[in-house]
*Asks:* 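Here it is, the structure in full.
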Amino acid sequence: MAKAVIKTITCHNVYNYGASLQEYALLRYLNNSGYRAEAIHYKPHYLSQHFNLWLVDSRFNKPILKHLYLLMKLPNRLRRFKLKKAFDSFSVTHIPTGSIRYTNNEELKLNLPQADGFICGSDQIWNSLFQNGKDPAFYLEFVPQGVLKMSYAASFATDAIAEECKPMVKRNVAKLNAVGVRETSGVSILENLGINNGVQVLDPVFLLPKSLWLTTFVNSISSEYLFIYDFDSNPIIKEIALFLKKKKGWSIYTVNDNISYA
């Protein structure tokens with residue numbers, strides 16, 4: 001008997017460690033569970049500017065400022081292309097995806113990916129502070145009624161959503177057959193919208209056993225160390241890290257460019 005096909009949609013190929021690992025984990029879990037799971041190759045314009053060598057902040061669009069801006073940014077951007085290659089290699093090897101690239105919700109409607117069911121999530125796909133949280137594609141609006149659709153570990157990433165987003169969120173989430181969100185705050189947001197079937201679920205990375213991560217991806221560091229994952233340059237995290245380094249003699253590692261003390 002043919003395996004049921006599940007298509008997932010999430011923030012895809014955005015060159016972020018968490019986004020890549022959660023996408024891999026959900027697909028791996030579904031395939032291990034007897035389904036044929038594949039990510040939709042969804043790349044809207046607002047998620048397609050990573051590693052653009054010539055991207056200029058709109059505040060610096062005057063000719064002289066533009067050239068100075070690029071001169072300042074290019075060395076680091078060129079260095080980071082090595083990182084891009086690593087992420088691209090990971091995606092090719094570990095993220096099964098469809099060959100068709102979609103750039104908006106209407107394209108998905110006009111050429112619907114073929115599947116028995118659809119899952120949106122995980123990651124911050126419903127974060128209304130960013131464009132993805134306002135994009136109906138991330139709420140599976142393109143999927144016709146009668147086709148199984150659900151969310152898994154979708155995150156609003158905030159304790160509340162903007163008033164102007166509430167009608168769209170309520171309308172689309174209410175049409176899902178099952179609703180799984182990543183945080184308890186997500187359950188509260190849905191309840192405030194009158195949606196009472198939302199449940200909190202594990203991030204997909206925790207659906208896979210520790211042994212799989214260790215044998216598939218982890219290269220051990222022999223010495224004891226502290227790992228910092230901090231996009232916000234939190235001064236308290238820095239203080240604690242440096243205290244532990246001095247007290248325990250631990251090395252500090254990070255994958256964030258902004259953490260200069262690691």
*Asks:* If you measure from the Lys or Arg side-chain nitrogens to the Asp or Glu carboxylate oxygens, is any gap between Glu141 and Lys109 under 4.0 Å?
*Replies:* yes

*Asks:* Which is it for Cys120 and Ile125 under the side-chain contact (heavy atoms from CB on, under 4.5 Å) test, yes or no, and what are the steps along the way?
*Replies:* CA-CA 8 Å; Cys120 56; Ile125 57 168; 3.9 Å; yes

*Asks:* Is Met150 close to Leu140 at the side-chain level, that is, under 4.5 Å between some pair of heavy atoms?
*Replies:* no

*Asks:* Can you find a heavy atom in the side chain of Asp203 that is under 4.5 Å from one in the side chain of Gln22?
*Replies:* yes

*Asks:* Leu202 and Val181: same hydrophobic cluster, using ILVMFWY side-chain contacts below 4.5 Å?
*Replies:* no

*Asks:* With a 4.5 Å cut-off on side-chain heavy atoms, are Phe243 and Lys247 touching?
*Replies:* yes

*Asks:* State, yes or no, whether a side-chain contact exists between Tyr261 and Ile228 at a heavy-atom distance under 4.5 Å.
*Replies:* yes

*Asks:* Could you measure the distance from the NZ atom of Lys149 to the NZ atom of Lys175? Nearest 0.5 Å is fine.
*Replies:* 6.0 Å

*Asks:* Can you tell me how far OG of Ser33 sits from CZ of Arg28, rounded to the nearest 0.5 angstrom?
*Replies:* 11.0 Å

*Asks:* Can Ile119 be reached from Tyr24 by stepping across I, L, V, M, F, W or Y side chains whose heavy atoms are under 4.5 Å apart?
*Replies:* yes

*Asks:* Mark yes or no for whether Ser128, through its side chain, and Ile161, through its backbone, hold a donor-acceptor pair below 3.5 Å.
*Replies:* no

*Asks:* Assess whether atom NZ of Lys43 is packed by more than 12 heavy atoms of other residues, nucleotides or ligands within 6.0 Å.
*Replies:* yes

*Asks:* Is the Tyr253 to Phe227 ring centre distance short of 6.0 Å?
*Replies:* no

*Asks:* Which heavy atom of Ala115 sits nearest a heavy atom of Lys7, and at what distance?
*Replies:* CB-CG, 3.3 Å

*Asks:* Does Glu191 reach the side chain of Val187, with side-chain heavy atoms less than 4.5 Å apart?
*Replies:* yes

*Asks:* Keeping to residues at least two apart or across chains, list the salt bridge (charged side-chain N to carboxylate O under 4.0 Å, His left out) pairs with something in residues 86-103.
*Replies:* Lys84-Asp88

*Asks:* Donor-acceptor pair, distance only, cut-off 3.5 Å: does the side chain of Ser89 make one with the backbone of Lys85?
*Replies:* no

*Asks:* Determine yes or no for a side-chain-to-main-chain donor-acceptor pair under 3.5 angstrom, with Asn132 supplying the side chain and Gln124 the backbone.
*Replies:* yes

*Asks:* Applying side-chain contact (heavy atoms from CB on, under 4.5 Å) to Asp135 and Tyr42, what does each step give before you reach the verdict?
*Replies:* CA-CA 12 Å; Asp135 187 341; Tyr42 185 58; 2.7 Å; yes

*Asks:* Using a 4.5 Å cut-off on heavy atoms from C-beta on, say whether the side chain of Leu47 contacts that of Cys11.
*Replies:* yes

*Asks:* Could you tell me whether Asn111 atom CG has more than 12 heavy atoms of other residues or ligands within 6.0 Å of it?
*Replies:* yes

*Asks:* Output the distance between atom CG (Leu27) and atom CD1 (Ile6), rounded to the nearest 0.5 Å.
*Replies:* 9.5 Å

*Asks:* Excluding sequence neighbours, so at least two apart, what forms ring pair (Phe, Tyr, Trp, His ring centres under 6.0 Å) with Tyr15?
*Replies:* His50, Phe51, Phe87

*Asks:* Under a plain distance cut-off of 3.5 Å, with no hydrogens placed, do Asp123 and Thr10 share a side-chain donor-acceptor pair?
*Replies:* no

*Asks:* Within a 6.0 Å radius of atom OH on Tyr225, are there more than 12 heavy atoms belonging to other residues, nucleotides or ligands?
*Replies:* no

*Asks:* Is Leu83 linked to Val14 within one hydrophobic cluster, defined over Ile, Leu, Val, Met, Phe, Trp and Tyr using a side-chain heavy-atom separation of less than 4.5 Å?
*Replies:* no

*Asks:* Any chain of hydrophobic side-chain contacts (each under 4.5 Å) joining Ile221 to Tyr17?
*Replies:* yes

*Asks:* Rounded to the nearest 0.5 Å, what separation is found between the OH atom of Tyr102 and the CD1 atom of Ile40?
*Replies:* 7.0 Å

*Asks:* What pair of heavy atoms forms the shortest contact from Asp230 to Ile259, and how long is it?
*Replies:* O-CD1, 3.5 Å

*Asks:* Calculate, to the nearest 0.5 Å, the distance between atoms OH and CD belonging to Tyr46 and Gln131 respectively.
*Replies:* 6.0 Å

*Asks:* May I have the step-by-step check of side-chain contact (heavy atoms from CB on, under 4.5 Å) for Leu242 and Ile252, ending in yes or no?
*Replies:* CA-CA 8 Å; Leu242 293 176; Ile252 303 176; 4.2 Å; yes

*Asks:* Which heavy atom of Val169 sits nearest to which heavy atom of Leu193, and what is that distance?
*Replies:* CG1-CD1, 3.8 Å

*Asks:* Same hydrophobic cluster for Val201 and Phe156, using side-chain heavy-atom links shorter than 4.5 Å among ILVMFWY?
*Replies:* no

*Asks:* Below 4.5 Å, heavy atoms only, C-beta onward: do Ile95 and Phe90 meet side chain to side chain?
*Replies:* yes

*Asks:* Can you label the angle between the Phe217 ring and the His94 ring as parallel, tilted or perpendicular, going by 30° and 60°?
*Replies:* perpendicular

*Asks:* Between Trp126 and Phe138, is the ring centre distance below 6.0 Å?
*Replies:* no

*Asks:* Nearest heavy-atom pair of Ile195 and Lys170: which atoms, and what distance?
*Replies:* CD1-O, 3.9 Å

*Asks:* Test side-chain contact (heavy atoms from CB on, under 4.5 Å) on Phe142 and Leu112; report intermediate values, then the result.
*Replies:* CA-CA 8 Å; Phe142 61 89; Leu112 183 70; 3.7 Å; yes

*Asks:* Verify, without hydrogens or angle tests, whether Glu23 (side chain) and Ala19 (backbone) share a donor-acceptor contact under 3.5 angstrom.
*Replies:* no

*Asks:* Locate the shortest heavy-atom distance separating Ser223 from Ser251; write the atom from each residue and the value.
*Replies:* OG-OG, 4.4 Å

*Asks:* How about Leu129 and Thr158: do any of their side-chain heavy atoms sit closer than 4.5 Å?
*Replies:* yes

*Asks:* Indicate whether any N or O donor in one side chain lies under 3.5 Å from an N or O acceptor in the other, for Glu183 and Ser155.
*Replies:* yes

*Asks:* Under 3.5 Å, is there a donor on one side chain and an acceptor on the other for Tyr139 and Asn105?
*Replies:* no

*Asks:* Judged by atom type as modelled, is there a donor-acceptor pair below 3.5 Å linking the side chain of Ser122 to the main-chain atoms of Pro204?
*Replies:* no

*Asks:* How many angstroms lie between CD in Glu107 and CD1 in Ile100, if you round to the nearest 0.5 Å?
*Replies:* 10.0 Å

*Asks:* Between the side chain of Asn127 and the main-chain N/O of Gly133, is any donor-acceptor distance below 3.5 Å?
*Replies:* no

*Asks:* If you count the non-hydrogen atoms of other residues, nucleotides and ligands that lie under 6.0 Å from CD1 in Ile236, is the total more than 12?
*Replies:* no

*Asks:* Could I get the full list of ring pair (Phe, Tyr, Trp, His ring centres under 6.0 Å) partners for Phe206, not counting sequence neighbours?
*Replies:* none

*Asks:* Looking only at heavy atoms, which two atoms of Ala262 and Thr254 are closest? And how far apart?
*Replies:* CB-CG2, 3.5 Å

